[in-house]
Asker: 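Take a look at this one; I'll ask things after.
Quick note on labels: first sequence line is chain A, next is B, and so on, each numbered from 1. What you see is a predicted model, and the numbers here were worked out from it, not measured in a lab.
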Amino acid sequence: MSRLVSVAIIVGSLILALLVVSLGLVLLGQQPDTILLTMFSGAFGSFYGLSETLLRTVPVLLCALAAAIPAESGQINIGGEGQLHLGAIGAVLVTGPLMGRSAPLVIILMITAAIFAGAVWAAIPATLRALLGVNEALVSLFLNYVAIYLLQYLVQGPLRDPASQGWPMGSPLDKDLVLSRLGDTRLHLGIFVAILLALFSAAVIRLTRRGTELRVVGLNAAASATVGIPVRGYLFASLALGGAVAGLAGYYEIAAVQHRLRPDLSLGFGYSGFLVAWICRRQLLLIIPVSILVAGLIVGAENLQITSGLPAATGDVAQGFLLLFVLLSQPLLAWLKRRRAIRLVMESELS
Amino acid sequence: MSHVVAALREVTKVYPYTVAARNISIEFLGGEVHALVGENGAGKSTLVKMLAGIIQPDSGNIEVNGQRRRLRNPHASLAAGIGVVHQSGSLIESLTVGENLDLGKIFAPQTNHELETDQAVSVLTPEIPLGSFVSQLSPRQRQLVEIHRLLLQKARLLVLDESTSTLSPQESSLLFADLSLLARAGYAVVVVSHKLPELLIHCDRFTVLRKGRVVGRVSRKEATIPRLIKLFSEANVGSAAVPFNVAKSSEDSVTANQGNELVRLKNVCTDGYSEAPPLYDVNLVLRRGEILGIAGRPGSGATSVVEILRKGGLRLAGGSVDWNKDLETYGSDSRIGFVPADRMNRGMIGNLTIGENLMLRQRHLFGQIGSAWKHNERRKFLSSLIHDFDIRPPRSEVMLNTLSGGNAQKTLLAREMEYSRALLIVESPTAGLDMGSADFVRSVLRRKAENGACVVVRSDDLDELAELSNRVVVFCGGKCVAELLNDRITAETLGLALSQTNSEPPFGARERFREAGAV
């Protein structure tokens, strides 16, 4: 029932968002039907488009998990973007001292470092929240800027590639550290890892004791404390875990897509992931299809930029309206629910 | 002179699971100081909020000067001529008195200083210079500034919500003297307060509320404290017929149990810094086999005692708590059951199923992944609890927030009964329950005590305490001020014990403890 309502809200919001975007396009003198069709076919209409969409799905899905896992404990992690950056930085930093070691060992250490760096970055808001009650949404959001500037500092200073002729970018990874591609697409095995991770998280959160306790903390922290659940522990652990998953996204962007540190490492995947998590609202399995959808919006908008000269930000606008309409549906639902509750009480009490 | 300034006509306000006001009609006359009295939860603050425009009645309406008015928000209420002085106050501390008064004018621009010629108003202010900062004023002076501002905004009905609760007795009689002056000048004044003795001296009319209904209208001549308390507690004739003395154990059994000491609080003091009000030098013994009632108004420290007893992490500033060896272990291992008054926020989780809520204290049963043995154990655990406590619907997979208040309450009680061993603490156990459910809950609690546990009942409902307890301790100002035993416990005696004690914290008590090295 609840899942059905969620799906209905997402579909309805998507339609409304596309309508608003179409209206904007009409005002710009464009033909919305052809534009939207271009976006759709760019993202899903061809084998190559589909592979690009799945490529973008990897960071979006992982960052969605980074927001969704802490959301189960009632926390808001807007810091996926920064945690992704830290994961990328961590993965690159360990390659330096390990130059020349066997590739499998270095790859394992890169993944570990990325996960660890993302978790540490998330541990900052997590510690402040669990111990002092500081708002984790603000702290994690602001740390995004710190992470982005940290990356810029590194690629313009200590980690700049001497061969880059002045461009701010890091040295390229060794060839054997680059992840192999599937066929002649840019897609890599990370897509399966991301999907498996999403399924695994959903299973742990829905089906195990720890997962249930995590949800209980998110539903009612005061009652959880009353029955003796370690609330602070769950708050910290879930946010740090979220950061770890975002860090893994950073690793994949480095090892499979960019092959080196660049200032434009992320196309706002952290924010897109956050949006996906909030659209899906505790329906963890919905995250997978919605991530693909949002990744499709990103790829479709890139396609738009190439073919019709509209800015890729068109996709961001569509994403923004999608989230806006989903969020607007929440108070509407709550209001309907309250009306029903009051009517029931009125009928039974005053009859 | 006594025309109707404002009136409530058959107003009803419904919240999910409770009816806060049921067809209430009250007229507020000019020239009178009108007291709204009743226990907590009687509906006083609901009526105040309606008059203030904070909430709107679900049915019925509010009349001002004979005209039906819809008070959509506080601004509309003020525009209609209703001024409310809220308990928390609405002055801005960092501004001067004059600036605060000007703020009032901004929101009612049509007024000018014509009122300054009004004699009734002029008596209010001479002692307060307009240039002094609000932060420097005494609580009573702040009330006067608030009232003055409302008068400048042309309020004809003044509502004071618990305004005297922070005042000393001398200050509050001065405030009441000013209120009488206002009444004599034709204003209607409404006072909401717990302090019956001073209300009896100063108010012209009393409306007694109980569980969302008007149960008594008493004029000044007829009003006495026993009479008002009788109205508070006994208006519901049906429930008074329950033979509650039968189930109580006699004096002998209490003395027989004296060896079974479970917890002893010795000279316990706590700070007032946390949310729990402070305690000063509390001595209390809990024994096996008894139902101990704890009474006390908000801020009296009764809730702090509960926090200590349930090991809720409230730190002692002085004194000690001796736990019997059954309760000595820390944290959740001591198996102290606790049913909080705010059930939905602190006790249960509406968005989980009945089964998940029942398992919150037995969390090893959580999770769908596990051995067949675990599934079996869970099924047995849930079905026996649901059956024993007659939770309806008897299906563990139903969401808790679809249950009636009584069944949700039974679910919580079932969980804590099953979990607790030697000590069970319940707050307002029968609040909001129908007769049948309430009887059931009472019998369950009595059985728990008979089986050798100590049951602590904290409640604002004096009937409830009287019906259940073998012994009641009354808290006031952070101290234990009275102890009643067995047959001496009635709603009337409890009401008297509560109303005769001053609810101020004893002046300088904290300092005295500090000197004694206790803090």
Asker: Decide if atom CZ of A:Phe321 counts as having more than 12 heavy atoms of other residues, nucleotides or ligands within a radius under 6.0 Å.
Answerer: no

Asker: Between B:Asp342, B:Leu365, B:Asn351, which has the largest tally of heavy atom pairs under 4.5 Å with chain A?
Answerer: B:Asn351

Asker: With a sphere of 6.0 Å drawn around CZ of B:Arg421, does it hold more than 12 non-hydrogen atoms of other residues, nucleotides or ligands?
Answerer: yes

Asker: Does a sphere of radius 6.0 Å around CZ in B:Arg213 hold more than 12 heavy atoms from other residues, nucleotides or ligands, not counting ones at 6.0 Å or beyond?
Answerer: no

Asker: In the structure I gave you, are the side-chain heavy atoms of A:Val227 and B:Arg415 within less than 4.5 Å of one another anywhere?
Answerer: yes

Asker: Nearest 0.5 Å, what's the CZ-OG distance between B:Arg363 and A:Ser224?
Answerer: 8.5 Å

Asker: Drop me the distance from A:Leu207's CG to B:Phe366's CZ, to the nearest 0.5 angstrom.
Answerer: 13.5 Å

Asker: Check whether B:Arg310 gets within reach of chain A through its side chain, its backbone, both or neither, counting any heavy atom under 4.5 Å.
Answerer: side chain

Asker: In terms of heavy-atom contacts, does CZ of A:Arg232 have more than 12 from other residues, nucleotides or ligands at under 6.0 Å?
Answerer: no

Asker: For the CZ atom on B:Phe381, are there more than 12 heavy atoms of other groups (residues, nucleotides or ligands in this structure) within a distance under 6.0 Å?
Answerer: yes

Asker: Identify which part of A:Arg215 has an atom lying under 4.5 Å from any heavy atom of chain B, answering side chain, backbone, both or neither.
Answerer: side chain

Asker: Mark yes or no for whether A:Asn220, through its side chain, and B:Asn345, through its backbone, hold a donor-acceptor pair below 3.5 Å.
Answerer: yes

Asker: Search all heavy atoms of B:Arg361 against all heavy atoms of A:Gly228 and return the closest pair with its distance.
Answerer: NH1-N, 4.4 Å

Asker: Do the side chain of A:Thr226 and the main chain of B:Gly347 share a donor and acceptor less than 3.5 angstrom apart?
Answerer: no

Asker: Using a cut-off of under 4.5 Å for heavy-atom pairs, which of B:Glu356, B:Arg343, B:His364 has the most such pairs with chain A?
Answerer: B:His364

